[in-house]
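Side chains are part of it too, since the values below use all heavy atoms of this structure and drop only hydrogens, waters and symmetry mates.
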Amino acid sequence: MPPSVLLAEIAEIVMARQKTKLAGAETTAPDFFPLEFLDTRERGLSRIIAWLLDPHGSHAQGSRFLSAFTRWLDLDDAWRTDVDAAKVMIEAPTSASGRSGYVDILVRVGNRTLAIENKPKAIDQEGQVRRYLSDLATRRLDEYCVLYLSGTGEGPSARSIKTSALDVAVADGSLKIRGYDALTAWLESCLELCRAPSVGFMLDAILKHIRKEFGGVSDVKEAIALASDICGSQNKLEAALALFEAEATVHEQLMALLTEKVGAAVRSKRGWRVLRDDLGRTKYSSLVIGLSPHASIGFGIQFDKNDHGGLFYGVRSLDNRSLPRNVKPVLKELMGAKAGTAGWPVWKYFGPNDRFFPMARDVDRDFWLATQSGKLASLLIAYAEEVERVLGERKLLTTVRTRKLTKD
């Protein structure tokens, strides 16, 4: 089967699914993701996981969820002996090799301890996992385990624990590595065990968030229908694999289209220039607009990770100099941003409820559709226009426009 024919069939399935969703939207709200209105950064997710694991939590489901979690981790039956009396802590203090720290979640089950290092987005700290293992080893426990829970499913870097030590810890079971996409299996089992509809609603919301944020799947039923249709025929499978192979090229063309649309919009603005336009699948690639031809300060978007991950936007200092006086607080207030580096003195991740870029921080279907339609280009231009307006009102625009790049 030619890929073009399969594309037509897929389009029919997607359209049929969209019609079904639309028909029942009033009662099901299929595109509503409750966690979009909660803190889903590392600490927020840690609180949610700890709440589910706590036998004394307000979910009133006792130790069902914790027992299911220990089974999901392949921990032996001894971990479930005193599970009803388990204690769960967030940001639990640790101390090893004379250096104190905090583990995201600590679960004490009798004389056994499970430490969870939650890494949905964050970067490893120096010797972090090594310190946790060392700390637990000094506590005279019957058994202990560190779970490294990452957004990608990858294990800790050599910066956090040496490869040789990691291999030993994984082999003896004191360190387990899981990804957020695998966490859905535990959450699904929790849904089956849950007896409170309100808690079940929360579990379903968490599942939807994880599938969308870490698996790129916003509609599970649609994905299953497509997969079943494709796998049911060798010709369709062959055509689908050809389409999969074209994925990187499709992304490259869409990135080029975004750059083209932004460039065309910038050319219509007096004095504006595109200062950087290498946005792509590589880490730290970006698309940055300057408000004057030779400005050293730009406003744009960048990927914080490879493969289109960690989208953020903000103020770019192309020569890593500090921003002119009073500019930084004005832009932080405008964006509601707190973070800053030398290269990006003010930056903020994309988010579903963000003022300027209401999109997921890791690309999904909506991102590519917004790129193709021109919506993303319009958002970027609108952001730069608002920056220009606010700087003008605060009489800071000339200062920003006239600061040129320094020569090395």
Side-chain angles (χ1 to χ4, degrees), residues 248-249 251-324 327-328 330-332 334-335 337 339-350 354 356-357 359-363 367-368 370-372 374-391 396-408:
T249 303
H251 291 168
E252 288 175 6
Q253 291 188 10
L254 288 171
M255 289 287 93
L257 180 62
L258 173 64
T259 301
E260 179 185 329
K261 289 180 179 292
V262 170
V266 165
R267 286 191 292 274
S268 69
K269 300 288 186 179
R270 184 177 179 181
W272 285 25
R273 293 290 185 277
V274 173
L275 302 178
R276 184 169 172 179
D277 61 356
D278 62 339
L279 192 71
R281 67 181 305 165
T282 58
K283 188 176 183 179
Y284 303 145
S285 58
S286 61
L287 180 55
V288 179
I289 297 169
L291 303 181
S292 61
H294 305 290
S296 67
I297 300 172
F299 306 90
I301 60 178
Q302 178 165 299
F303 286 120
D304 196 27
K305 299 180 181 180
N306 290 322
D307 297 322
H308 312 110
L311 263 172
F312 68 87
Y313 70 99
V315 186
R316 179 75 167 97
S317 174
L318 274 71
D319 51 15
N320 291 338
R321 282 189 289 163
S322 299
L323 296 178
V327 170
K328 187 173 182 177
V330 168
L331 295 177
K332 288 179 71 174
L334 173 67
M335 295 165 49
T341 64
W344 289 85
V346 183
W347 67 270
K348 186 181 180 184
Y349 280 121
F350 281 31
D354 187 76
F356 293 104
F357 295 93
M359 304 172 69
R361 72 172 68 179
D362 290 334
V363 301
F367 172 86
W368 297 117
T371 301
Q372 192 276 337
K375 177 183 175 182
L376 181 55
S378 297
L379 291 175
L380 178 52
I381 295 299
Y383 163 62
E385 288 175 339
E386 184 64 5
V387 167
E388 185 179 51
R389 185 190 69 79
V390 170
L391 290 175
L396 296 168
L397 184 57
T398 300
T399 302
V400 170
R401 279 178 169 169
T402 57
R403 200 185 82 168
K404 297 183 178 180
L405 280 167
T406 57
K407 296 182 179 179
D408 294 334

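- Residue Ile381 comes nearest to Val266 through the heavy atom pair CD1-CG2, 4.0 Å, listed as atom of the first residue, atom of the second, then distance.
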Sequence neighbours left out, cut at 3.5 Å: what donor-acceptor pairs do the side chains of residues 251-263 make with other protein atoms?
residue : atom : partner : partner atom : Å
Thr259  : OG1  : Met255  : O            : 3.1

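- For the side-chain contact (heavy atoms from CB on, under 4.5 Å) test with Leu331, the passing option among Leu396, Leu391, Val400 is Leu391; the others fail.
- Residues meeting the side-chain hydrogen bond (donor to acceptor under 3.5 Å, both in side chains) test with Lys332, sequence neighbours left out: none.
- We find the CG-OG1 distance between Asn306 and Thr282 to be 6.5 Å, quoted to the nearest 0.5 Å.
- Contact detail for Val315 and Pro345: the closest heavy-atom pair is O-CD, 3.0 Å.
- Closest of all the heavy-atom pairs between Thr402 and Thr399 is OG1-O, 3.4 Å.
- In this structure, the separation between OG on Ser378 and CD on Glu385 is 9.5 Å, given to the nearest 0.5 Å.
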Determine, step by step, whether Met359 and Leu376 satisfy the side-chain contact (heavy atoms from CB on, under 4.5 Å) criterion, reporting the C-alpha distance in whole Å, the side-chain angles of both residues, the deciding distance to 0.1 Å, and the verdict.
CA-CA 9 Å; Met359 304 172 69; Leu376 181 55; 4.0 Å; yes

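- Summarising the geometry, atom OG belonging to Ser285 is positioned 10.5 Å from atom CG belonging to Asp304; distances are rounded to the nearest 0.5 Å.
- Other residues, nucleotides and ligands contribute at most 12 non-hydrogen atoms within 6.0 Å of the NZ atom of Lys375.
- Every residue two or more places apart in sequence or in another chain that forms a side-chain hydrogen bond (donor to acceptor under 3.5 Å, both in side chains) with Glu386 is listed here: Arg355, Arg389.
- For the residue pair Ser268 and Ala265, the shortest heavy atom distance occurs at OG-O, 2.6 Å.
- Going from atom CZ of Phe299 over to atom CG of Leu380 covers 11.5 Å, rounded to the nearest 0.5 Å.
- In this structure Lys328 satisfies the side-chain hydrogen bond (donor to acceptor under 3.5 Å, both in side chains) test with no other residue, sequence neighbours excluded.
- The salt bridge (charged side-chain N to carboxylate O under 4.0 Å, His left out) contacts involving residues 275-296 comprise Arg276-Asp278, Arg281-Asp307, where partners must be two or more places apart or lie in separate chains.
- In this structure, Tyr349 and Asp354 have side chains that are not in contact, with every pair of non-hydrogen atoms separated by 4.5 Å or more.
- Distance alone, capped at 3.5 Å, places no donor-acceptor pair between the Arg361 side chain and the Phe312 backbone.
- To the nearest 0.5 angstrom, Phe303 atom CZ is 4.0 Å from Leu311 atom CG.
- Among residues at least two apart or in separate chains, side-chain hydrogen bond (donor to acceptor under 3.5 Å, both in side chains) pairs with a member in residues 292-303 are Ser296-Arg403, Gln302-Trp344.
- Exactly one residue among Phe356, Trp347, Tyr383, Tyr313 makes a side-chain contact (heavy atoms from CB on, under 4.5 Å) with Ile301. That residue is Tyr313.
- Distance check, rounded to the nearest 0.5 Å: CD1 of Ile297 to CD1 of Ile289 gives 15.0 Å.
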